[in-house]
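Letters A, B, ... are given to chains in the order of the sequence lines, protein chains preceding strands, and every chain is numbered from 1.
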There are 2 protein chains.
Amino acid sequence: MPGINEVALLAGVSTATVSRALSGNGHVSDSTKSRVKAAAYELGYVVSSNASSLATGRTKNIGVVIPFLNRWFFSSVVEGAEHALLRNGYDLTLYNLGGSGDERRSVFEHFLLRKRVDAVIAISLELTASEVGSLLDLNKPIVGVGGPLPGLQTLSIDDVQVARVATEHLLALGHRAIAHIGGNDEVEMDFHLPTNRRVGYEAALREGGVAIDPALFAEADFTLQGGYRAATHLLRDPAARPTAVFAASDEMAIGTILAARDLGLSVPGDLSVIGVDDHELAEFFGLSTVAQYPAEQGRRAVEILMGQLHPARRTPAENIPLRFDLIERTSTAAPRTVGVD
Amino acid sequence: MPGINEVALLAGVSTATVSRALSGNGHVSDSTKSRVKAAAYELGYVVSSNASSLATGRTKNIGVVIPFLNRWFFSSVVEGAEHALLRNGYDLTLYNLGGSGDERRSVFEHFLLRKRVDAVIAISLELTASEVGSLLDLNKPIVGVGGPLPGLQTLSIDDVQVARVATEHLLALGHRAIAHIGGNDEVEMDFHLPTNRRVGYEAALREGGVAIDPALFAEADFTLQGGYRAATHLLRDPAARPTAVFAASDEMAIGTILAARDLGLSVPGDLSVIGVDDHELAEFFGLSTVAQYPAEQGRRAVEILMGQLHPARRTPAENIPLRFDLIERTSTAAPRTVGVD
DNA sequence: TTGAAAGCGCTAACAA
DNA sequence: TTGTTAGCGCTTTCAA
């Protein structure tokens, strides 16, 4: 493991010049710069990030705090962030808060505070005021992804609007009896997300002149199983059966499709189903959905942080709202018998 | 951000004593130790990992190198490793090799070498000799998970045996026409895994006195869609239809179940299906499977590394082979008409 | 059991 | 453009 001294020796310059030549900070003549680089390459020299961090106060490392890794949305955001960080020469250190409360405390009290990271990306976390406080105390840039974090800059899709688009799609097809499968209070991993999607759903109905029927709402936990169960409940009674379901996630929507099948209902013949996400399985099931782009969200979070860490590199487009797109596949169609009002 | 000096001042001792009291290295009287701890707590002092690493040469950080994050197996291994590391006071830095070749090279040439990690966990990676070489040059403990890495200590289930167990389960139920959906050559994310599972499948058949029929083998890419397609192909011809399918992953097995349904076949009435993994969706689909435990594999990898990094802490049980268990659910049963031989 | 002091490997003033 | 030098904050001999 050669050090900066050896490179300096081989190149016939001082360590300061090596540092400057390799980091690009400060002026070095082209000739010495290439001599230094050649020497570094020959020796296989790589800076010690610790020594460098200690001297500069910058770590070139970003902390990502996350409640689960195991779900499509989260791992996709992390992947997107990873790639973007790599391109910028940064490492990504992962802090999974999914464990016990102790683990969570320990992350906040010790790990994040070790000065190991230059900035933090918090994904879909419901943080307590004191947790946000300790993050802010670090005096490091923080950006949230996937939910409003009080007092922090956050990247998230407009859930009300997303739900509205989905519901309006069903309305436009002629549906009137539109059920909604949304989050239960216990699953608050995405803050007010369930609530917001329900709000958008109800707003669209109201504007479409359709009365809101509480019997057409069911709670689930954002999983396929949960969606299946909720849908089974919703669809059981042929007399009170909706002609369409808007599920707040694709996994629940897929559960709904499977439940419909098991009840002998055809999709979209007897039942239209739409979800949110464009989950990796959505296409396979022909699921119409409102796509969101988690990998892109991860990338965007990184861009924002880079802008704050390196004002020079700042990316121009910083306030594009997060995209989402209606994707029509084969799970939605006009209801079999269009009502005549 | 208080430093060690301030703690020393407040506790009325030297910085050396603070370091000793807080790290547990060296002897400090109980009274001063508690005084120091109180002072540290009062000031909210946390060591600077950089300064500490620079002085000790240890980073308390482990690098995890992985080809995808987006799949159940990988994210589960990472989660398991994360929790175990957290308990040991270590951070986890993630290196995703899924991108382009450039990204891959850059990870190996720069990132891992920055002396930022004390050890490396390589998950399901097919590494080139030169990549393994550069890892070994680091002179840091490395352990692989999920596939044999030439020259490295590796944790992986016995894929031949896993496949044998699955196939024997079907044989024991009375099946003779047993198809296999395995990996294609292009999907080598898990090395010889597809091959090994096929080997176990064929060995079990042979021992069961069943001839191997190449027409009963289909390739797929380990995804649900791929399994669906392969199964559709396998099941299309009623005359040549197998009574059971062993898929090399649960996702492909679920695809098979869905394909069977779409062809009007009942599972397990007309077709038994078994997979490998115990994927999160397996239970929902009533899928019989050979479970493996990726989170535990991640944890085990961490234990091994901790054993090498801290010989004192060494966990006794180091060579338990990785567990796998046959889980019988409702996707497997005796074939409808048992042959009379 | 404790303290003084010399680094760990690098960067950034400052001076030349 | 380059070199000298003083740290960055901590750990760890060595001595007391």
Side-chain angles (χ1 to χ4, degrees), chain A residues 1-37 39-40 43-61 89 110 113-118 138-139 309-310, chain B residues 1-37 39-40 43-61 89 110 113-118 138-139 309-310:
Chain A
M1 291 280 132
I4 199 171
N5 304 290
E6 292 152 74
V7 178
L9 221 59
L10 181 59
V13 296
S14 70
T15 61
T17 299
V18 173
S19 173
R20 282 187 285 248
L22 261 29
S23 71
N25 294 48
H27 292 280
V28 182
S29 75
D30 284 350
S31 67
T32 47
K33 187 180 283 181
S34 56
R35 211 149 24 92
V36 169
K37 284 189 173 166
L43 296 172
Y45 168 77
V46 184
V47 299
S48 153
S49 55
N50 286 312
S52 174
S53 299
L54 188 56
T56 60
R58 277 168 271 114
T59 65
K60 299 278 252 173
N61 189 28
H110 300 295
L113 306 171
R114 288 205 242 176
K115 312 174 165 222
R116 192 164 265 171
V117 302
D118 290 337
L138 292 176
N139 243 335
L309 294 171
H310 310 277
Chain B
M1 293 281 130
I4 199 173
N5 304 291
E6 292 152 74
V7 178
L9 223 60
L10 181 59
V13 296
S14 72
T15 60
T17 299
V18 173
S19 174
R20 284 189 281 250
L22 261 29
S23 71
N25 294 46
H27 291 280
V28 182
S29 76
D30 284 352
S31 67
T32 46
K33 188 180 282 183
S34 57
R35 211 147 25 91
V36 169
K37 285 190 172 165
L43 296 172
Y45 169 77
V46 183
V47 299
S48 154
S49 56
N50 286 313
S52 175
S53 298
L54 187 55
T56 61
R58 278 168 270 113
T59 64
K60 300 277 255 172
N61 189 29
H110 301 295
L113 306 171
R114 285 205 242 177
K115 312 174 165 221
R116 190 164 268 171
V117 302
D118 290 337
L138 292 176
N139 243 333
L309 294 171
H310 311 276

>> Side chain of B/T17, heavy atoms from C-beta onward: which of D/dT11, C/dT2, C/dA12 has the nearest atom to it?
In response: C/dT2
>> Side chain of B/S48, heavy atoms from C-beta onward: which of C/dA13, D/dC10, D/dT12 has the nearest atom to it?
In response: D/dC10
>> Using OP1 and OP2 only, check whether a side-chain N or O of B/T56 sits under 4.0 Å from C/dC8.
In response: no
>> Tell me whether B/T59 contacts the main-chain N or O of B/R116 through its side chain, where contact means a donor paired with an acceptor under 3.5 Å.
In response: yes
> Which part of the nucleic acid, if any, lies within reach of B/V18 when heavy atoms closer than 4.0 Å are counted: base, sugar-phosphate only, or nothing?
Replying inline: nothing
> Are OP1 or OP2 of D/dC10 and a side-chain N or O of B/S19 less than 4.0 angstrom apart?
Replying inline: no
>> Without decimals, in angstroms, what is the distance between B/R20 CZ and C/dT2 P?
In response: 8 Å
>> Need to verify one output field. Residue with the more 5' nearest nucleotide on DNA chain C, B/S31 or A/L54?
In response: B/S31
>> Let's see if you can work this out: which of D/dT4, D/dC10, C/dG9 has an atom nearest to the side-chain heavy atoms of A/A51?
In response: C/dG9
>> Give me the atom names and distance for the closest heavy-atom approach of A/V36 to A/V7.
In response: O-CG1, 4.1 Å
> Got a donor-acceptor contact below 3.5 angstrom from the B/S52 side chain to the B/S48 backbone?
Replying inline: no
>> Under a plain distance cut-off of 3.5 Å, with no hydrogens placed, do A/S14 and A/T17 share a side-chain donor-acceptor pair?
In response: yes
> In whole Å, what is the span from the NE2 atom of A/H27 to the P atom of D/dT1?
Replying inline: 6 Å
> Quick one: is A/T32 getting a side-chain N or O under 4.0 Å of the D/dT2 phosphate, OP1 or OP2?
Replying inline: yes
> Expressed in angstrom and rounded to an integer, what is the separation of B/D30 atom CG from C/dT1 atom P?
Replying inline: 9 Å
>> At less than 4.0 Å, is any side-chain N or O atom of B/S14 found next to OP1 or OP2 of C/dG3? Yes or no.
In response: yes
>> What is the separation between atom CD1 on B/I4 and atom C1' on C/dG3, rounded to the nearest whole Å?
In response: 13 Å
> Under 4.0 Å: is that the gap between some side-chain N or O of A/R35 and OP1 or OP2 of D/dT2?
Replying inline: no
>> At less than 4.0 Å, is any side-chain N or O atom of A/T15 found next to OP1 or OP2 of D/dG3? Yes or no.
In response: no
> Among C/dA12, D/dC8, D/dT1, which is the nearest nucleotide to the side chain of A/R58?
Replying inline: C/dA12
>> From C-beta outward on A/S52, which listed nucleotide comes closest to its side chain: C/dC10, C/dA12, C/dG3?
In response: C/dC10
> Once you round it to whole Å, what is the distance between P of C/dG9 and CG of A/L9?
Replying inline: 15 Å
>> Just the rounded figure in Å: distance from C1' of D/dC10 to NZ of B/K60.
In response: 15 Å
> Hey, which of these two, B/Y45 or A/G26, hits DNA chain D nearer its 5' end, going by closest nucleotide?
Replying inline: A/G26
> Between atom NZ in A/K115 and atom C1' in D/dG9, what is the gap in whole Å?
Replying inline: 8 Å
> To the nearest Å, how far apart are A/M1 CE and C/dC8 P?
Replying inline: 17 Å
> Taking only side-chain nitrogens and oxygens of A/R116, does any of them come within less than 4.0 Å of OP1 or OP2 of D/dG9?
Replying inline: no
> Considering all heavy atoms of both residues, which atom of A/G57 and which atom of A/D118 are nearest to each other, and what is their separation?
Replying inline: O-OD1, 4.2 Å
> Will you find, in the side chains of B/N5 and B/T15, an N or O donor that is under 3.5 Å from an N or O acceptor?
Replying inline: no
